[in-house]
Structures are given as C-alpha cells and as structure tokens.
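The block underneath contains the structure these notes are about, expressed in structure tokens.
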Amino acid sequence: MSFILNIETATKNCSVAIAKNGETVLCKEIAEEGYSHAEKLHIFIEEVIAEAGISVHDLAAVAVSQGPGSYTGLRIGVSAAKGLCFALNIPLIAVDTLKTLASQVKVSDGKIIPMLDARRMEVYSAVFNSNLEIERPIQAEIIDEDSFKEYTETVYFVGDCAEKCKTVLIKDNFVFLEEIKYPSAKEMSKISYDKFQISDTVDVAYFEPYYLKDFMITAPSKK
C-alpha cells in the first residue's frame, strides 16, 4: 500500500491531494487571483493527511509539479515537497505540469494541447495524443493564426489561455475546453504512482523546477 502526497502549485490553483496506489483519496484546492499558495499550502497538506486518516510517516513519497508555470508558485511547492522528503527520508517525484493539465481531457482520438499563460500572446504548451503520450515537447511560443495549423484532426485546447487564444486559433478542428483551466493535484495521482513504481524519482538536494524562461525582475519605475 503506497500513499503519495501530490502538490500542484504551478498556477493560480493551490492544490494538494493524497493518493493511495494511484487513486486520489482526498484533494484540497483553491484558485485565487492573488496567489494564496504561501498561506494555504501547508494548511492543505495538514488537512488532507489528517482527513485521510494517516500520518506523514505513512507517506511513501511526495510528488510535486515541476513546471512550467509561475516562478513563485513553483518555488513554494518545491520547497514544501523537499522539506517533507528530507524530514521523512522518502523519495521526491517530479511531475510535468502540462501533462497533469492534459490528463483532465478524456477523448479517444485527436490531439490535446495544454497551454499556460506566459504573458501577452506567449504561452507554455506541449502536444499530447489521446493516450497522453507526448508528441511535441514543452516550449514557450507566441500564438498566432498559423499556430498548430499542421494538425488536421480535432485539437483540444485546455488551460488558462482560452480567452486570449480563441480569437486567433479559429480553425474548424480547434476545440477549447474552457472549463479545464488549471492543473490539479487530483490528476497527478496516477502519474506519480506510475513513476514511483519504476523508481523514477529526482535528487531531493539538487532538483529545481522547470521554469522554461528565466525569471525577470524589473526595476520599479522612477517617480
């Protein structure tokens, strides 16, 4: 019996789930404009463990969203996951954020393209088939009317970019599933368990989130 704590903080959704043998037992999450990760994450961790009727010592591993996504959100999630793994001497599992997002789409054919906002018309995206096998690696790209035109089958777009992208991506085979906006720890459960079974873990000391682009700090404007 393997309990895994799954932590997803790459977007505005602060999400934590306990999974037993790859099945989600309990999930706590909240998506807020103000990014409440620092205030909510540790509370959610304590609550899901307590409400699942286990203790931290029952955890076999901790899984964390590895990005791409919010710099601050990823740092908060990874720091919490590393702290638990160090304290409990258990492995750390890194889960691709875009695959977690794509996992919410249940279709038998076509392509799934999860996209996360990267400011202006730029997005973080990847391309998966209906079996969640990656067909084009993650990249940061600027969306225009020619984006993804090579795909002739139905393309399902998910993520927090629908509002800005659906007026540009207007081919007949493009479908926006606007209700699927953020990745959730619920969808990490199977992915992290599959990785756990084959010991696909990362070094707790040296693991860093996958930011994709350098974090830019701009100087405040002079008054």
Side-chain angles (χ1 to χ4, degrees), residues 1-11 13-31 37 40-42 44-70 73-106 112 114 116 124 126 128 131-134 137-138 158-159 180 182-211:
M1 184 184 302
S2 300
F3 288 100
I4 297 177
L5 178 70
N6 296 281
I7 298 172
E8 167 55 67
T9 57
T11 66
N13 194 30
C14 180
S15 182
V16 179
I18 285 287
K20 176 182 176 184
N21 297 336
E23 297 289 334
T24 300
V25 174
L26 192 67
C27 179
K28 298 263 186 178
E29 58 188 357
I30 187 170
H37 301 36
K40 300 292 187 181
L41 179 58
H42 289 282
F44 285 173
I45 290 172
E46 292 176 2
E47 288 179 347
V48 295
I49 289 172
E51 291 178 29
I54 63 173
S55 78
V56 291
H57 300 289
D58 294 313
L59 296 176
V62 176
V64 68
S65 181
Q66 69 178 6
S70 158
L74 288 168
R75 294 300 299 179
I76 290 170
V78 169
S79 295
K82 281 187 171 187
L84 284 166
C85 289
F86 271 124
L88 300 170
N89 193 28
I90 55 177
L92 176 64
I93 300 167
V95 175
D96 173 16
T97 304
L98 291 178
K99 184 172 184 179
T100 299
L101 180 56
S103 297
Q104 297 182 58
V105 182
K106 310 299 181 185
I112 304 169
L116 292 177
Y124 303 125
F128 295 85
N131 295 318
L132 288 180
E133 297 164 335
I134 194 160
I138 299 168
V158 293
I180 302 176
Y182 301 119
S184 169
K186 294 192 295 287
E187 275 72 43
M188 291 175 66
S189 297
K190 183 180 185 307
I191 301 171
S192 60
Y193 184 63
D194 288 345
K195 283 175 168 276
F196 176 74
Q197 288 188 300
I198 60 173
S199 299
D200 184 358
T201 61
V202 295
D203 190 299
V204 176
Y206 296 104
F207 172 72
E208 290 291 331
Y210 182 41
Y211 299 120

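Just so it is clear, the structure is predicted and the values come from calculations on it, not from any experiment.
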Output side-chain donor-acceptor pairs under 3.5 Å for residues 79-89, partner residues at least two apart or in another chain, one line each.
{"residue": "Ser79", "atom": "OG", "partner": "Arg75", "partner atom": "O", "Å": "2.8"}
{"residue": "Lys82", "atom": "NZ", "partner": "Val204", "partner atom": "O", "Å": "3.4"}
{"residue": "Lys82", "atom": "NZ", "partner": "Phe207", "partner atom": "O", "Å": "2.7"}

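- Between the side chain of Gln104 and the backbone N or O of Tyr182, at least one donor-acceptor pair lies under 3.5 Å.
- At least one donor-acceptor pair closer than 3.5 Å links the side chain of Thr9 to the backbone N or O of Gly73.
- Partners of Val25 according to the side chain to side chain contact (heavy atoms under 4.5 Å, CB included) rule, which considers only residues two or more places apart in sequence or in another chain, are Ile18, Lys20, Ala52.
- Residues satisfying the side chain to side chain donor-acceptor pair (under 3.5 Å) criterion with Ser192, sequence neighbours excluded, are Asn6.
- Ile191 places none of its side-chain heavy atoms less than 4.5 Å from the side chain of Ile93.
- In this structure, the side chains of Gln66 and Asp96 come closer than 4.5 Å at one or more pairs of heavy atoms.
- The closest side-chain donor-acceptor pair between Ser65 and Glu8 falls under 3.5 angstrom.
- Between Ser103 and Phe128 there is no side-chain heavy-atom pair separated by less than 4.5 Å.
- In this structure, Thr201 and Leu92 have side chains that are not in contact, with every pair of non-hydrogen atoms separated by 4.5 Å or more.
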- Item | Test side chain to side chain contact (heavy atoms under 4.5 Å, CB included) applied to Ile30 and Phe44, step by step | CA-CA 10 Å; Ile30 187 170; Phe44 285 173; 3.7 Å; yes
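- Residues Tyr210 and Ile138 form a side-chain contact, since some pair of their non-hydrogen atoms from C-beta on lies under 4.5 Å apart.
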- Item | Audit row: Leu41, Ile45, side chain to side chain contact (heavy atoms under 4.5 Å, CB included) steps and yes/no | CA-CA 6 Å; Leu41 179 58; Ile45 290 172; 4.0 Å; yes
